[in-house]
Number of protein chains: 2
Amino acid sequence: MKVSEIGEFGLIDLLSGMAYAARDEKQAAWKQLILGIGDDAAAWREDGSIQLATADLLIEDVHFSLDFTPWEDLGWRAMAANLSDIAAMGGLPRYAIISLALPGSTEVDDVVSLYRGMLGLAGKHGTAIAGGDMSGSEKVVINITILGSTGGRDRHIMTRSAARPGDKIAVTGCLGASGGGLEMLKKKLKLNAAAKAALGEAFLRPAPRVAEGQLLAGLGVKAAIDISDGLISDLGHICQMSRVSARLEAEKIPVHPAVRENFGDSALKMALTGGEDYELLFTAPEEVIINVKEKAACPVTVIGEITAAGKEETLLVDGKGSRIDLPGKGWEHFSK
Amino acid sequence: MKVSEIGEFGLIDLLSGMAYAARDEKQAAWKQLILGIGDDAAAWREDGSIQLATADLLIEDVHFSLDFTPWEDLGWRAMAANLSDIAAMGGLPRYAIISLALPGSTEVDDVVSLYRGMLGLAGKHGTAIAGGDMSGSEKVVINITILGSTGGRDRHIMTRSAARPGDKIAVTGCLGASGGGLEMLKKKLKLNAAAKAALGEAFLRPAPRVAEGQLLAGLGVKAAIDISDGLISDLGHICQMSRVSARLEAEKIPVHPAVRENFGDSALKMALTGGEDYELLFTAPEEVIINVKEKAACPVTVIGEITAAGKEETLLVDGKGSRIDLPGKGWEHFSK
């Protein structure tokens, strides 16, 4: 069987099963492991705290295009994707290890810009670039691994597997702007200055919700994920790992205003399936979410609720409760 | 200026300078950082121990060829390269984070073999595969990050910068066998069964010196590196970071017997510049090395000594003390 037939998530399941089968509880590393392959980050106990690690591999012309992504923004975005995974667990990002492969014909100034972007965002979150690897290649390849911690013995981590029927589903910020920004840059759309600035920034300079992740964990939220593949897809990951279903109310989805204005009928679809918004999607009992809404510095919107596992993973309904067909499932690698 | 003009090590210097300039001692991550970019692994203080992290990015047809590397061996080798970096610091490897990019046409069975190779070697060293990333790409790309620790408050780490004039230079095991194995596989050389087995294993199934690294650190060795770029090149890294020079005695280099037998006049060159032997190169006062030789389970050979920084980084001499020209400097990315 080919990788394209089993699919990205089928392959991850298979490999995580192999890693699980190799588990040896007599070995300290396995004994201290809390979360292995399958969540936003790996987690293990280390002395007084929980350590977190997450990685993202970005390949030119697969994950990004240098045609419309300036080098400094590329560095920023690559760092954002990883910081966002630590944010989704409620952790503090601490160290970044960068592997970089480049064609020999790359301008040194461009590599300096790339690093400036990575260091700029890392610095905002107290994260030190501590090491890495460098080599030659035909295409630009960037792998960032971030090590984080919960910063204390008493802090829990948020996971994909802790959603419970009856939980409200909520999301930080607005959705669809990163997908809108990508569309605008790729197709060279002429939008008004405000929309251009908002969508460009959402795509090129996303702001990972690190402080919000820690706030959520601190206020008792147990289940969270960051929106990197798209709302429907990432909510699907929570449903699968928690063995529950979800009911989403289309009218409550916080579609970014610039997306609503400029993409008409596609706006809702962009908010539901556009990836890389790096907002946090989380579920919790209503009283916890009321508390979060009061204390968070960013908008927090309730968009649906978790139900017992049903025939469908996610049911999307309109204002009258009638079913709406899902507009596809978001990003999956290897899919044809 | 192009990356090919500044070179791999020039670029690393430039980027580590940027990371250093971004240092902010008010931030805990920077305050606790012991070693940043430039050594085998990054190191920082965390509660009771020193944490280590290292990464290697491997790209098909740049770092490896599937023409003569079976998938399971590829997994083993990729894991070995990283475990070896932790070994060079005297650390215990604990968790591996794997990023993998594959063409959709890859056979699932091949990916299973790749993982079997990685899990096989990781398991021998108590290392758990704890997470990662998966995506599509034209070529196979593997990034492994390994997190390790010194396993105790009182343990020091070995670095590239601790060599001192008067130190003896020593190496574990034999050299050149991995380079010989690569040559054999690439050129389909017909060697006798024993040589074929030894060189094939050295290239396809290298054994990182994890236990030896811990022994060295425990016995007071302060300066070490693993031989991944080649002896001359890796000794050069120690000389640069320690601001010293080195005097190597050609006759003492432990050239692997199968290399000596089969590669004639090229044998010494292979031992001096062939990379990926994953032996440990270290320096220490003579009495420390005598103690290491007594206690190590593998051969340990003194091959020269550290001198005050001179005109030449490394001086290679024959049995009469006469200078021999160096046969090139080992692997450097971006060089033409």
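Sequence lines set the chain letters: A, B, ... in the order given, protein chains first and strands last, and positions in each chain run from 1.
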Using non-hydrogen atoms only, which part of [X] is less than 4.5 Å away from chain A: side chain, backbone, both, or neither?
X: B:Leu15; result: both
X: B:Ala22; result: side chain
X: B:Arg23; result: neither
X: B:Leu102; result: both
X: B:Pro103; result: backbone
X: B:Leu35; result: backbone
X: B:Gln32; result: both
X: B:Ala43; result: neither
X: B:Tyr115; result: both
X: B:Ile129; result: both
X: B:Ile97; result: side chain

**Study point:** Most contacts with chain B, counted as non-hydrogen pairs under 4.5 angstrom, among A:Leu33, A:Thr127, A:Asp110
**Key:**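 Top option by heavy-atom pairs under 4.5 Å: A:Leu33.
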
Do you know which of [options] has the most heavy-atom pairs under 4.5 Å to chain A?
options: B:Ile98, B:Ile59, B:Asp85, B:Leu114; value: B:Ile59
options: B:Ala55, B:Ala122, B:Gly120; value: B:Ala55
options: B:Arg116, B:Lys2, B:Met118, B:Gln27; value: B:Lys2
options: B:Gly131, B:Ala42, B:Ala29; value: B:Ala29
options: B:Ser105, B:Pro93, B:Gly38, B:Ser16; value: B:Ser105

Whether [X] side chain and [Y] backbone form a donor-acceptor pair below 3.5 Å:
X: A:Ser178; Y: A:Glu276; result: yes
X: B:Glu46; Y: A:Ser49; result: no
X: A:Asp229; Y: A:Asp234; result: no

Practice item. Determine, stepwise, if the pair B:Asp40 / B:Ile225 fulfils side-chain contact (heavy atoms from CB on, under 4.5 Å). Key: CA-CA 7 Å; B:Asp40 286 294; B:Ile225 191 170; 3.5 Å; yes

Exercise for review: Determine whether A:Trp71 and A:Leu66 make a side-chain contact, defined as any pair of heavy atoms from C-beta on separated by less than 4.5 Å.
Suggested key: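 SC-SC contact between A:Trp71 and A:Leu66 confirmed.
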
Exercise for review: Taking all non-hydrogen atoms of both residues into account, name the closest pair between A:Ala41 and A:Ile86 and its distance.
Suggested key: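 The answer is CB-CD1, 4.5 Å.
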
Check your understanding: Got a salt bridge between A:Lys139 and B:Glu138, using NZ or NE/NH1/NH2 to carboxylate O under 4.0 Å?
Key ->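 A salt bridge is absent here (no side-chain N lies under 4.0 Å from a carboxylate O).
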
Rounded to the nearest 0.5 Å, how far apart are [atom1] of [X] and [atom2] of [Y]?
X: B:Thr159; Y: B:Ile238; atom1: OG1; atom2: CD1; value: 8.5 Å
X: B:Asp133; Y: A:Ile12; atom1: CG; atom2: CD1; value: 7.5 Å
X: A:Ile142; Y: B:Leu57; atom1: CD1; atom2: CG; value: 10.5 Å

Practice item. Check the side chains of A:His63 and A:Asp56 for a donor-acceptor pair under 3.5 angstrom, ignoring hydrogens and angles. Key: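 Short answer, no.
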
